[in-house]
Amino acid sequence: MAADKVDPIHQFHINKLIPIEIGGYDLSFTNSALFMVATVVVAAAFLFLTTSSRSLVPGRLQSISEMAYEFVGNMLRDAAGTQGMKFFPFVFSLFMFVLVANLLGLFPYFFTVTSHIIVTFGLAALVIGTVVVYGFMKHGLGFLKLFVPHGVPVFLLPLVVLIEVISFVSRPVSLSVRLFANMLAGHITLKVFSGFVVSLSALGAVGVAGSVLPLAMAVALTALELLVAFLQAYVFAVLTCMYLNDALHPGH
């Protein structure tokens, strides 16, 4: 147990809670799955409980829900226009999931699902898949105009199209890595400074005095991680809005 307290990687380990194997496939219910379920439950419960009264003069919690609603709505309208509001439930759900998952990961001994790239890549793949499917459904082959910018000389067109295709294909990678890397790096750094506090405190009075600085750094990093938790949810949502705009308006 002592080794676990100072091991910054231990917090990211996947542990089987309910072993399940079907047809040779491991479908076990893990700590990651548990906190994904918890994220959905907490987000849904918060929104339901804070908006169930629908007071004309909202209280503090209802105001938070309404601010989140307006925040995502304005973000989507600014990026994709009024037509983009058809995707509001999708974008709002993504924003709340990422935000609540990030916040839950700040609690001691909790699991941060967004620190695993398979989770963030799954969310990013869902976004890009929605863009591609809707783009072809709405525009047909006209969606391919997304890769052909206006005003490009003919002799440069093959190179530009290749660059545009590579850029589009790299979107789920960049979208997922950005969220995963920020959450992973922040939690590792916070764990390292917390480990310094534990290790120094075990050295007696001198160690306790020396642990003041890493303790202050741990507190500051916790505040920073709180900010990063919101910023990463915002960045993920705003990039989603921009990508959905390409599905709505593929012409450059």
Side-chain angles (χ1 to χ4, degrees), residues 1-52 61 65 68 72 87 89-130 133 171-192 194-195 198 222 225-226 228-237 239-240:
M1 292 297 292
D4 292 344
K5 293 181 180 179
V6 296
D7 179 9
I9 304 300
H10 180 77
Q11 59 184 313
F12 306 114
H13 288 179
I14 300 292
N15 300 315
K16 295 181 182 180
L17 302 179
I18 304 176
I20 303 173
E21 187 170 332
I22 301 177
Y25 292 95
D26 188 357
L27 303 177
S28 300
F29 189 77
T30 65
N31 53 342
S32 179
L34 173 64
F35 277 93
M36 280 190 274
V37 172
T39 297
V40 174
V41 170
V42 170
F46 175 79
L47 292 172
F48 176 78
L49 293 175
T50 55
T51 59
S52 58
L61 294 180
S65 295
V72 176
F87 291 106
F90 176 63
V91 178
F92 185 75
S93 298
L94 279 176
F95 174 78
M96 290 301 298
F97 180 86
V98 174
L99 177 60
V100 174
N102 291 348
L103 292 176
L104 285 180
L106 292 176
F107 287 89
Y109 303 106
F110 277 29
F111 188 85
T112 311
V113 297
T114 48
S115 65
H116 280 254
I117 195 168
I118 187 62
V119 175
T120 59
F121 184 80
L123 295 175
L126 177 62
V127 172
I128 301 303
T130 301
V133 171
R171 284 180 177 181
V173 177
S174 62
L175 190 60
S176 58
V177 170
R178 182 182 293 105
L179 175 57
F180 147 77
N182 276 278
M183 300 312 298
L184 181 73
H187 280 64
I188 288 177
T189 306
L190 184 58
K191 188 75 171 184
V192 168
S194 299
V198 174
T222 301
E225 281 294 283
L226 186 63
V228 169
F230 173 79
L231 286 178
Q232 288 306 309
Y234 166 73
V235 170
F236 197 95
L239 289 176
T240 298

Stepwise side-chain contact (heavy atoms from CB on, under 4.5 Å) check, T39 with V98: CA-CA 9 Å; T39 297; V98 174; over 6 Å; no

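- Taking the side chain as every heavy atom from C-beta outward, F236 and R178 never approach each other to under 4.5 Å.
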T240/T130 under side-chain contact (heavy atoms from CB on, under 4.5 Å): CA gap, chis, key distance, verdict: CA-CA 10 Å; T240 298; T130 301; over 6 Å; no

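- Put simply, the side chain of F92 reaches to within 4.5 Å of the side chain of L47, judged on heavy atoms.
- Under the side chain to side chain contact (heavy atoms under 4.5 Å, CB included) criterion, T50 pairs with F46, L61, S65, not counting sequence neighbours.
- Side-chain N/O atoms of H187 and S115 include no donor and acceptor closer than 3.5 Å.
- Among residues at least two apart or in separate chains, ring pair (Phe, Tyr, Trp, His ring centres under 6.0 Å) pairs with a member in residues 12-45 are H10-H13, F35-F110.
- Of all heavy-atom pairs between F95 and A233, the closest is CD1-O, 3.5 Å.
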The test is side-chain contact (heavy atoms from CB on, under 4.5 Å); show your working for N31 and I14 and say whether it passes. CA-CA 6 Å; N31 53 342; I14 300 292; 3.9 Å; yes

Using residues 117-127 as the side-chain source, report each donor-acceptor pair under 3.5 Å to any protein atom, sequence neighbours left out, with the distance given to one decimal.
{"unit_1": "T120", "atom_1": "OG1", "unit_2": "I117", "atom_2": "O", "d": "3.1"}
{"unit_1": "T120", "atom_1": "OG1", "unit_2": "S176", "atom_2": "O", "d": "3.1"}

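- Residues T222 and L106 are not in side-chain contact: their nearest non-hydrogen atoms beyond the backbone lie 4.5 Å or more apart.
- Q232 places a side-chain heavy atom less than 4.5 Å from the side chain of V228.
- The CZ atom of R171 sits 6.0 Å away from atom CD1 of I128, with the distance rounded to the nearest 0.5 Å.
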